[in-house]
Enquirer: 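Here you go, one structure.
Letters go in sequence order (proteins before strands), and every chain restarts at 1. These values consider heavy atoms only, across backbone and side chains, with no hydrogens, waters or symmetry-generated copies.
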Amino acid sequence: MSEDKAKEQNSIPTSKVERSARFVKTGFKVGGNYIKHYSKKLFNPGLDRTELNEDNAADIYESLSELKGSALKVAQMLSMDKNILPKAYTDKFSQSQYNAPPLSGPLIVQTFKKYFGKTPEQIYDKFDLRSNNAASIGQVHQAELNGEKLAVKIQYPGVGDSISSDLKLVKPFAFRLLGMSEKELEVYMQEVEERLLEETDYELEVRRSVEISKACSAVLQHTVFPRYYPALSSKRIITMSWIEGKHLKEFLQTNPSQELRNQIGQALWDFYNYQQHELRAVHADPHPGNFLITPDGQLGIIDFGCIKEMPEDFYYPFFSLTSTNLLDNKEETIKAFRKLEMILPNDTLQQIEFYYRTYHQMISLFAKPYMSASFDFSQTAFFDELYGFGEQISRMPEFKQARGVKHFIYVNRTNFGLYNILHELKAQVKTNTYKPHVQLTY
Amino acid sequence: MATTESIQTAYIDYVLTEGHEPKSVYLFAKNNDMTEEEFYRFFGSFEAVEQSVWADIVRKTVTEIKTQEVWPQYSARERALSFFYSFFELLKGSRSFAVYSFKKYARPIGTPRVLDSLKNIFESFADDILRDGLETGELTDRKFFTNKYKDALWMQFNFILKFWISDNSAGFEKTDEAIEKGINVTFDLFQRSPIDNLFDYGKFLVKNGGFKEKMGF
């Protein structure tokens, strides 16, 4: 069978049994990779684990991409936290942000008939049945109406149903990769499940997209949002205007000037920090596939599926820590840590001291960009230090236990994701444009 | 003046309201202001009426999907998918009747007799798309098996119909999934697969002698 055929995958395994079987298969393959690795090592003791990791990542990715839906989403999430996974895993996982196999044309027609009573040809002047892009729980098609180019996002059927069962399947994987116990993971898995279920609600997504893009485009520069068409959208379909542009990787290949990279970086920084500190709800999916860079140097933001709202009792203690005024006050900092459950009520004095020191060090590092008026994200040293510290922590037995409130998952993912993109852009950014609101006593 | 449609409509209305078929053709004709003879001019029995309702839906499906602009660009696989989606979309409009009729004529093995006329139309449609698929090379021509492809599709049809009849999901979304998976699996089997290559390889080894001797047989 040809390469193409294999990619244009023709069925999503949706029943739990089928999906489990898929994971079991992966388990076998990964097991096989270990056997391969150790038998090679017999003859070549110097062999390092890079090849093994690459093999494993490829197999895991393969099975995840066949599963689509939430499993793919989890893959995207894991790929955001480069500090947690070895490089080979993340490289392979990053692919899932771009290519996932498409669904059959007739099913797309059927979906339209179900929600609008018409075929796509009857609704649009032009509709391309071949998908341009996978959007993890859906796929994107190009269309045209009244001379305007449109992007039409269509959701796979049965996605909502399979999310919970998918997450159950992913748990043992996550448990192994992150080295956490299942009980501790529960509260985080719930948070992930909630967000993922929200993502399957396209009506909610359209409402939020309209709200946020309106709020943002009123104040932000060099940022463009698609126009949404609620009348041509439904529970499983979103119609929006098409934004012409390049993905980050392609953009960087064109060797953009420092000035242009700064402009895009600044737009990203402002977009995120305006949302975090002014709207208190943030586009929590900063993977490169959600952004486009237009030919005239604007940042296009095309996916509002995942929005994280930040409650006050999380926002203040968390973002106030980015201010040295708080961080220099040990007593109040410990109080803030307690609020964020980074220090737990049962901790001994010794533990309090230990966690205070480690978290203090981590946050001082993480909040560096916030502590000056501008920051150069091209410095590899900063990122090496950040990842190095993350790695060091992941090896500490004290951090085998999960700590921190559930809001950390998405807020950390958002900010790490942002840092990573800015780093890839090698952008110099004015970081004092939208500053955190700080509260100094707790 | 009675027509095929008017008799169908009156009959469907009767069975769905009463839950059973009319006592006799005589009574049915009388209640609908026609003579018994007039009824027989269109149908030989009540079963024939039900058969025609099923057949009409499938006929309408085939006509409808062929008018789609994309139809000529569709592969055999996509044509089959398109047929199934459209058929069940149309059938949704007469679901009560479909469930009633299917259950009334259900048999432990095989298809209900009431689907006989539908089967003829389905098979000629299946023949068409399979022939096209074989011509373009999308499907593999296999000795002895090629003429069974049609039967495989018919089995899928039966399976999905049964699935749909007991589907409780909103908008029958599960049926959509059953179609997407079922038809794709069936067509995967119609295409060249590793089994073909294995068979081919086996033939090669046998033909190119020396194999048995070398293996020590």
Enquirer: To the closest 0.5 Å, what do you measure between CD (A/Q110) and CD (B/E180)?
Expert: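 It is 10.0 Å, given to the nearest 0.5 Å.
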
Enquirer: With a 4.5 Å heavy-atom cut-off (strictly below), which parts of residues 47-68 of chain B touch chain A? List them by number.
Expert: B/E64, B/Q68

Enquirer: Would you say that more than 12 heavy atoms from the other residues, nucleotides or ligands in this model lie under 6.0 Å from the NZ of A/K149, or not?
Expert: yes

Enquirer: When rounded to the nearest 0.5 angstrom, what is the spacing between CD in B/E78 and OG in A/S104?
Expert: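 Nearest 0.5 Å value for the CD-OG distance: 6.5 Å.
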
Enquirer: Would A/R236 and B/E173 pass as an ion pair if we require N to O under 4.0 Å?
Expert: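 Yes, A/R236 and B/E173 are salt-bridged.
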
Enquirer: Non-hydrogen contacts under 4.5 angstrom with chain A: give the residues of residues 86-94 of chain B involved, or none if there are none.
Expert: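 Within residues 86-94 of chain B, near chain A: B/S86, B/E89, B/K92.
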
Enquirer: State the CD-OG1 distance between B/E69 and A/T119, to the nearest 0.5 angstrom.
Expert: 8.0 Å

Enquirer: Can you tell me if A/K113 has over 12 outside heavy atoms packed within less than 6.0 Å of its NZ?
Expert: yes

Enquirer: Hey, which residues of residues 113-129 of chain B are touching chain A, say heavy atoms under 4.5 Å apart?
Expert: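 No residue falls under the 4.5 Å cut-off.
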
Enquirer: Given side-chain contact (heavy atoms from CB on, under 4.5 Å), test B/Y74 with A/L129 step by step and report yes or no.
Expert: CA-CA 10 Å; B/Y74 271 166; A/L129 260 189; 3.5 Å; yes

Enquirer: Which answer fits A/L107, side chain, backbone, both or neither, if we ask what part of it has an atom under 4.5 Å from a heavy atom of chain B?
Expert: both

Enquirer: With A/S234, which residues qualify under side chain to side chain contact (heavy atoms under 4.5 Å, CB included), at least two apart?
Expert: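 Counting only residues at least two positions away or on another chain, A/S234 forms a side chain to side chain contact (heavy atoms under 4.5 Å, CB included) with A/Y115, A/F116, A/I237.
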
Enquirer: Please classify the contact of B/F84 with chain A as side chain, backbone, both or neither, using a heavy-atom distance under 4.5 Å.
Expert: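 The answer is neither part of B/F84.
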
Enquirer: What distance separates A/K114 NZ from B/F172 CZ, expressed to the nearest 0.5 Å?
Expert: 9.0 Å

